[in-house]
Protein chains: 2
Amino acid sequence: MRLSTKGRYAVMAMVDLANTSQGSPVALADIAERQEISLSYLEQLFAKLRKGGLVKSVRGPGGGYLLAFPSDVTRISDIILAVDEPIHTTRCAAGSPAGCRTNRSRCLTHDLWEELGNQIHLYLSSVTIADVVHRRVLGTSGLVLRSPAKASAVAAE
Amino acid sequence: MRLSTKGRYAVMAMVDLANTSQGSPVALADIAERQEISLSYLEQLFAKLRKGGLVKSVRGPGGGYLLAFPSDVTRISDIILAVDEPIHTTRCAAGSPAGCRTNRSRCLTHDLWEELGNQIHLYLSSVTIADVVHRRVLGTSGLVLRSPAKASAVAAE
DNA sequence: ATAATTCTTGACCGGTTTTCTCGGGTATCA
DNA sequence: TGATACCCGAGAAAACCGGTCAAGAATTAT
């Protein structure tokens with residue numbers, strides 16, 4: 001799961017769309033103005049969102065985009081996965097987990113990155129567009145560690 | 001909290017260092033070879049790690065680097081913070097939260113990114129170098145949501 | 001019909017950031 | 001004094017980001 005500004009823009013736009021649309025299509029130009037994102041760039045993002053099945057488009061005058069699902073169904077992770085092609089965090093991951101095994105201590109960190117990816121995905125999967133619109137994003141320490149090792153040390157930052 | 005290859009390299013190197021060193025200094029050239037990272041680049045990373053107080057250096061023949069603390073004390077988040085200068089994820093965050101308030105629906109996503117950063121930091125703070133060396137990284141779903149909204153939907157990826 | 005509106009698609013580009021290299025230092029030890 | 005290994009700053013190479021441009025297709029209003 002990649003985290004770039006592209007993904008952030010897409011989420012901002014989708015939240016804006018959910019927040020603005022009352023069942024009727026919203027033109028990209030409107031979203032572009034409100035969110036201060038260039039129209040051409042938004043077009044690229046929504047092309048991917050449409051391919052991902054997250055929005056529907058309505059052409060012609062009065063047209064625009066609509067959410068394909070109610071805002072409490074689409075999760076933030078869906079949006080980011082739709083616009084940001086995945087990244088290889090482990091250097092050995094996809095193609096050849098072989099090189100991982102041959103070199104003894106090489107990929108000690110492999111599990112770490114994989115698990116971190118899981119954590120991020122888990123969090124972004126727990127938040128829907130509706131949650132963001134209604135500011136229902138969990139406050140700090142919304143998550144609880146199963147084994148709270150050194151939980152106190154966290155504050156030391 | 002930023003997540004780049006630079007941070008990953010630093011973590012790989014620190015884990016290798018912890019795994020190799022038996023109290024005696026480890027030369028960067030050795031780490032560079034094992035982890036397949038260029039020596040010159042490693043030198044840059046360790047310069048920052050040294051400034052951050054995470055490692056000690058020993059010059060001259062037989063010299064190298066040593067962990068400044070036992071491996072179960074240094075957390076992964078410490079390493080990443082030492083080498084990757086922080087980033088502004090929200091575009092309005094640091095300098096002027098003003099622009100955030102004036103534009104009504106502009107920064108609905110602000111809280112989301114902030115909270116995501118917290119989640120990542122929280123996880124990386126819960127893992128120490130020793131945890132990685134001994135493969136004590138939590139398996140999937142090591143975290144439990146306080147309010148498990150749509151927990152089932154996560155599997156649908 | 002036809003014109004206006006809006007999405008659709010794909011190629012391309014300049015600037016910034018990130019990653020990495022190079023070359024020369026400096027401390028330390030045999 | 002020479003070999004080892006850290007130390008440091010200037011840049012080159014590559015990737016990425018945010019954006020532009022242009023041509024086209026579908027739909028609706030007139």
Side-chain angles (χ1 to χ4, degrees), chain A residues 2-13 17 20-21 24-33 35-68 80 82-89 91, chain B residues 2-13 17 20-21 24-68 80 82-91:
Chain A
R2 177 163 175 149
L3 293 173
S4 63
T5 61
K6 187 191 285 189
R8 281 200 292 275
Y9 280 155
V11 173
M12 287 166 63
L17 174 55
T20 305
S21 171
S24 52
V26 178
L28 281 195
D30 295 350
I31 298 179
E33 189 182 7
Q35 301 298 323
E36 295 179 13
I37 305 173
S38 98
L39 175 58
S40 312
Y41 196 42
L42 263 190
E43 285 173 346
Q44 280 181 45
L45 299 183
F46 272 78
K48 294 195 175 187
L49 292 173
R50 200 177 65 86
K51 277 177 195 152
L54 298 182
V55 296
K56 289 181 295 190
S57 64
V58 179
R59 290 183 156 192
Y65 283 94
L66 288 167
L67 291 181
I80 294 181
V83 301
D84 261 334
E85 51 273 2
I87 199 160
H88 47 297
T89 56
R91 191 196 228 179
Chain B
R2 179 168 174 138
L3 293 174
S4 62
T5 63
K6 186 191 286 188
R8 281 201 292 274
Y9 281 160
V11 173
M12 287 166 64
L17 175 55
T20 305
S21 171
S24 52
V26 177
L28 280 195
D30 296 350
I31 298 179
E33 190 183 4
R34 275 192 299 270
Q35 302 298 323
E36 295 178 13
I37 304 173
S38 96
L39 176 58
S40 313
Y41 196 42
L42 261 191
E43 285 175 344
Q44 281 180 46
L45 299 183
F46 272 79
K48 293 195 176 187
L49 292 172
R50 201 174 63 86
K51 278 177 195 153
L54 297 182
V55 297
K56 289 180 296 190
S57 65
V58 179
R59 289 187 153 190
Y65 282 94
L66 289 167
L67 291 181
I80 294 181
V83 301
D84 261 335
E85 50 273 1
I87 198 159
H88 46 297
T89 56
T90 31
R91 191 196 225 180

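Labels below follow one simple rule: chain letters A, B, ... track the order of the sequence lines, proteins then strands, and each chain is numbered from 1.
Note: A:Tyr41 and A:Tyr9 have perpendicular aromatic rings, judged against thresholds of 30 and 60 degrees for the angle between ring planes.
Taking 4.0 angstrom as the limit, B:Thr5 places a side-chain polar atom (N or O) nearer than this to OP1 or OP2 of C:dT19. Taking 4.0 angstrom as the limit, B:Tyr9 places a side-chain polar atom (N or O) nearer than this to OP1 or OP2 of C:dC20.
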Q: Check the pair A:Ile31, A:Thr20 against side-chain contact (heavy atoms from CB on, under 4.5 Å), reporting the backbone distance first and the verdict last.
A: CA-CA 9 Å; A:Ile31 298 179; A:Thr20 305; 6.0 Å; no
Q) Would A:Val55 and A:Leu66 satisfy side-chain contact (heavy atoms from CB on, under 4.5 Å), going step by step from the backbone distance to the final call? A) CA-CA 6 Å; A:Val55 296; A:Leu66 288 167; over 6 Å; no
Q: Test side-chain contact (heavy atoms from CB on, under 4.5 Å) on B:Met12 and B:Leu45 and set out the steps.
A: CA-CA 11 Å; B:Met12 287 166 64; B:Leu45 299 183; over 6 Å; no
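When atom types are taken as modelled, the side chain of B:Thr5 and the backbone of B:Arg8 share no donor-acceptor pair closer than 3.5 angstrom.
Less than 4.0 Å separates DNA chain C from at least one heavy atom of each of the following residues of residues 53-61 of chain A: A:Ser57, A:Val58, A:Arg59, A:Gly60, A:Pro61.
Rounding to whole angstrom units, CD of residue A:Gln44 and C1' of C:dT9 are separated by 10 Å.
In this structure, A:Tyr65 reaches the sugar-phosphate backbone alone: every heavy-atom distance under 4.0 Å involves primed, P, OP1 or OP2 atoms, never a base. Within the nucleic acid shown, A:Ser38 comes within 4.0 Å of sugar-phosphate atoms alone, with no base atom in reach, counting heavy atoms only. Within the 4.0 angstrom heavy-atom criterion, only backbone atoms of the sugar-phosphate kind lie near A:Ala27; the bases stay farther away.
You'll find that the side chain of B:Arg50 is closest to D:dC7, out of C:dC20, D:dT20, D:dC7.
Residue side chain B:Glu43 reaches the base of D:dC8 through a donor-acceptor N/O pair under 3.5 Å, judged by distance alone.
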